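Worksheet: one structure, shown below.
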Amino acid sequence: MKLRGFVFFMLVFGLSIFSVDAIAQTAAKRMFFSDFTNGSVLFNDGTKTAAMLNYDTFEEQMIFKNGNEIMALASPELISFIKINDHVFEWLEGDIFLEKIDNPSVLIYKRNRNQLISKGKGTAFGGVSNTSSVQPVNNLPRGYDKQGTELSINEDFDLMPDNVYYTKGKTGFRSLASSKQFCKAFGGDKKDVTKYIQTNKMNLQNVDDVLQVIEYCTNNR
């Protein structure tokens, strides 16, 4: 299958930077859908193409299945939006797409992403050492076409959610990751909003908490 107006490059999942076990353990978690799913790509010129699609939340790339090959979209800036089942995705930057979150009071977007973390070194009996702290693997690149630091085969890995929510204005998308950004987008006093977030232990990776902070801002302009 060929999508009109695009150049594609193949994604190679068997990268040397992962151990085989690490790939097997994290493959399902990194994908937005459990399998490739029928979807449609609407281009800025009005043309539309159907494809079997999925979104890789670690690489932050929209990918599709072309026969036995798994490929990724290039030049995503030419896409108006992508629809997969009831989910709509819009392009942010680079290869990144945001999921549109419809809400009666406000429209926001979710950046679905995961970071790879190390859970510890494997022991001689197949367990994981408790003396090793959980920490992100910062030197692992997200691009499939790049080389990275080789990970230890006896090390246990997992994916940790690292989502960010956005709002969309006339100048484009704006992230909602701090009280300052909430106030800039929806009004309110920075100190009051910060206190509200801390007092109520708001998790800015949780959509319900994000909507509550937005409501607080709009009610206290």
Side-chain angles (χ1 to χ4, degrees), residues 26 29-33 44 55-62 72-73 75-84 86-119 133-143 146 148-149 157-221:
T26 62
K29 291 183 179 180
R30 66 191 286 175
M31 295 302 166
F32 186 90
F33 299 98
N44 292 331
Y55 190 72
D56 187 332
T57 62
F58 176 69
E59 294 293 341
E60 298 193 77
Q61 289 182 328
M62 188 66 68
L73 303 180
S75 302
E77 68 277 4
L78 299 180
I79 292 177
S80 176
F81 67 87
I82 295 174
K83 186 172 184 180
I84 308 174
D86 295 329
H87 299 272
V88 175
F89 299 86
E90 295 185 23
W91 176 68
L92 173 64
E93 62 183 9
D95 295 322
I96 303 167
F97 282 85
L98 302 179
E99 179 193 6
K100 186 178 180 180
I101 307 294
D102 281 317
N103 183 272
S105 59
V106 64
L107 174 63
I108 58 174
Y109 294 79
K110 182 181 180 181
R111 181 175 177 177
N112 294 281
R113 67 179 184 182
N114 281 286
Q115 66 172 334
L116 191 68
I117 59 171
S118 171
K119 297 196 295 184
S133 60
V134 176
Q135 53 186 327
V137 182
N138 295 320
N139 56 358
L140 186 65
R142 292 180 181 269
K146 299 175 184 177
T149 302
F157 296 95
D158 201 356
L159 288 173
M160 176 180 290
D162 188 25
N163 304 317
V164 180
Y165 286 87
Y166 287 73
T167 184
K168 189 177 184 180
K170 293 181 181 179
T171 58
F173 291 104
R174 292 187 292 184
S175 61
L176 299 172
S178 69
S179 56
K180 180 179 179 180
Q181 292 171 335
F182 276 94
C183 292
K184 188 174 182 180
F186 300 101
D189 180 77
K190 180 184 173 183
K191 290 183 178 179
D192 290 343
V193 174
T194 299
K195 183 178 179 180
Y196 177 80
I197 292 173
Q198 293 174 346
T199 301
N200 294 278
K201 299 180 180 179
M202 292 290 168
N203 178 5
L204 299 185
Q205 292 194 39
N206 179 282
V207 63
D208 292 329
D209 287 0
V210 168
L211 291 173
Q212 285 186 50
V213 176
I214 291 174
E215 183 179 7
Y216 180 84
C217 289
T218 55
N219 291 338
N220 293 274
R221 292 177 179 176

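Worth knowing before you read on, the calculation uses all heavy atoms, side chains too, and leaves out hydrogens, waters and symmetry mates. Not measured: the values here are computed from a predicted model. Along the sequence shown, the residues carry numbers beginning at 1.
- The nearest pair of heavy atoms linking Ala72 to Gln61 is CB-OE1, 4.2 Å.
- Across Arg111, Arg174, Glu99, a single residue satisfies side chain to side chain donor-acceptor pair (under 3.5 Å) together with Tyr166, and that is Arg111.
- Atom CD of Glu215 sits about 12.0 Å away from atom CZ of Phe186, to the nearest 0.5 Å.
- Interatomic distance, CD1 of Ile82 versus CD of Glu90, reported as 10.5 Å (0.5 Å rounding).
- Using cut-offs of 30° and 60° for the angle between ring planes, the Tyr109 and Phe173 rings count as perpendicular.
- No option in Leu98, Ile101, Asn103 other than Ile101 meets the side chain to side chain contact (heavy atoms under 4.5 Å, CB included) test with Ile108.
- No donor-acceptor distance shorter than 3.5 angstrom exists from the side chain of Asn200 to the backbone of Met202, with no hydrogens or angles considered.
- The backbone N or O of Ser80 lies less than 3.5 Å from a partner atom in the side chain of Asn44, making a donor-acceptor pair.
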>> Could you walk me through whether Asn112 and Thr57 satisfy the side chain to side chain donor-acceptor pair (under 3.5 Å) test, starting with their C-alpha distance in whole Å, then the side-chain angles of each, then the deciding distance to 0.1 Å, before giving a yes or no?
In response: CA-CA 6 Å; Asn112 294 281; Thr57 62; over 6 Å; no
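- When side chains are defined from C-beta on, Ile214 counts as touching Leu176, because their heavy atoms get closer than 4.5 Å.
- Ring centroids of Phe32 and His87 are separated by less than 6.0 Å, placing the two rings close together.
- Rounding to the nearest 0.5 angstrom, the gap separating the OH atom in Tyr55 from the CD1 atom in Ile96 is 6.0 Å.
- Distance check, rounded to the nearest 0.5 Å: CG of Leu204 to CG of Asn163 gives 11.5 Å.
- Contact annotation: the side chain of Lys100 approaches that of Asp102 to within less than 4.5 Å [non-hydrogen atoms, C-beta and beyond].
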> Between Gln205 and Asp162, is a side chain to side chain contact (heavy atoms under 4.5 Å, CB included) present by the stated rule, with each step listed?
Replying inline: CA-CA 7 Å; Gln205 292 194 39; Asp162 188 25; 4.1 Å; yes
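- Here the side chains of Leu159 and Arg30 are in contact, with some heavy-atom distance below 4.5 Å.
- At distances below 3.5 Å, not a single donor-acceptor pair connects side-chain atoms of Asp56 with backbone N or O atoms of Met31.
- A pairwise comparison of heavy atoms in Thr167 and Ala185 identifies CG2-CB, 3.9 Å as the closest pair.
- When all heavy atoms of Pro76 and Gly94 are compared, the closest pair comes out as CG-O, 3.0 Å.
- Closest approach of Val210 to Tyr165, counting heavy atoms only: CG2-CD1, 3.7 Å.
- If you take NZ on Lys184 and NZ on Lys190, they are separated by 12.0 Å, rounding to the nearest 0.5 Å.
- Between Val193 and Val213 there is a side-chain heavy-atom pair separated by less than 4.5 Å.
- Closest approach of Cys183 to Gly188, counting heavy atoms only: SG-O, 3.5 Å.
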>> Evaluate Ile79 against Trp91 for side chain to side chain contact (heavy atoms under 4.5 Å, CB included), listing each step before the verdict.
In response: CA-CA 7 Å; Ile79 292 177; Trp91 176 68; 5.5 Å; no
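- Shown here for Phe89 and Met62, the closest heavy-atom pair between the two residues is CG-CE, 3.9 Å.
- By the side-chain hydrogen bond (donor to acceptor under 3.5 Å, both in side chains) test, Asp209 pairs with no residue at all, sequence neighbours left out.
- Distance CG/Asp95 to CD/Glu60: 9.5 Å, rounded to 0.5 Å.
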